[in-house]
Amino acid sequence: MDTLIERKAHLFRFPTTLLEKLKELAHNDRRSLNNYVEGLLLDAIYNQPNNETQQAINDAKAGKYEGVLDVSSGESMLKSMGL
């Protein structure tokens, strides 16, 4: 099985503060800057929420689920969510 991924170099310009923060985060994760940024970009592109999750996000942002969420048990959590 051929798993070679073709890569192409490209120059990006980032604000200095952003670049320094990315370097710090990559270092803390024990990854190269290139690998770290590539991972962030892949996550942003391919980890999109499905329709059900996106609707829940929209509902939460709209304040539909305001209040205290009881996470002491699965049953309590569902009850506090009105389910």
Atom pairs and distances, donor-acceptor, side-chain atoms in residues 5-19, under 3.5 Å, two or more places apart:
| residue | atom | partner | partner atom | Å |
| --- | --- | --- | --- | --- |
| Arg7 | NH1 | Glu38 | OE2 | 3.0 |

Heavy-atom side-chain proximity of Leu42 to Asn47 below 4.5 angstrom:
no

Quick check for you: to the nearest 0.5 Å, what is the distance between Glu24 atom CD and Leu33 atom CG?
12.5 Å

Taking only distance into account, with no hydrogens and no angle test, what donor-acceptor pairs under 3.5 Å do side-chain atoms of residues 74-83 form with protein atoms, sequence neighbours excluded?
| residue | atom | partner | partner atom | Å |
| --- | --- | --- | --- | --- |
| Ser76 | OG | Ser73 | OG | 2.9 |
| Ser80 | OG | Asp70 | N | 3.1 |
| Ser80 | OG | Ser76 | O | 3.3 |
| Ser80 | OG | Met77 | O | 2.9 |

Please name the pair of heavy atoms, one in Ala26 and one in Ser32, separated by the smallest distance, quoted to 0.1 Å.
CB-O, 3.9 Å

Pairing donors with acceptors under 3.5 angstrom, does anything connect the side chains of Asn51 and Gln55?
no

Determine the minimum heavy-atom distance between Asn35 and Arg31, stating which atoms define it.
OD1-NE, 2.6 Å

Would Leu40 and Leu22 satisfy side chain to side chain contact (heavy atoms under 4.5 Å, CB included), going step by step from the backbone distance to the final call?
CA-CA 10 Å; Leu40 292 175; Leu22 287 169; 3.9 Å; yes

Honestly curious: do Tyr46 and Val37 fall in one hydrophobic cluster under the side-chain, below-4.5 Å linking rule?
no

For Gln54 and Asn50, what are the C-alpha separation, side-chain angles and deciding distance, and is it a side-chain hydrogen bond (donor to acceptor under 3.5 Å, both in side chains)?
CA-CA 6 Å; Gln54 188 59 55; Asn50 63 25; over 6 Å; no

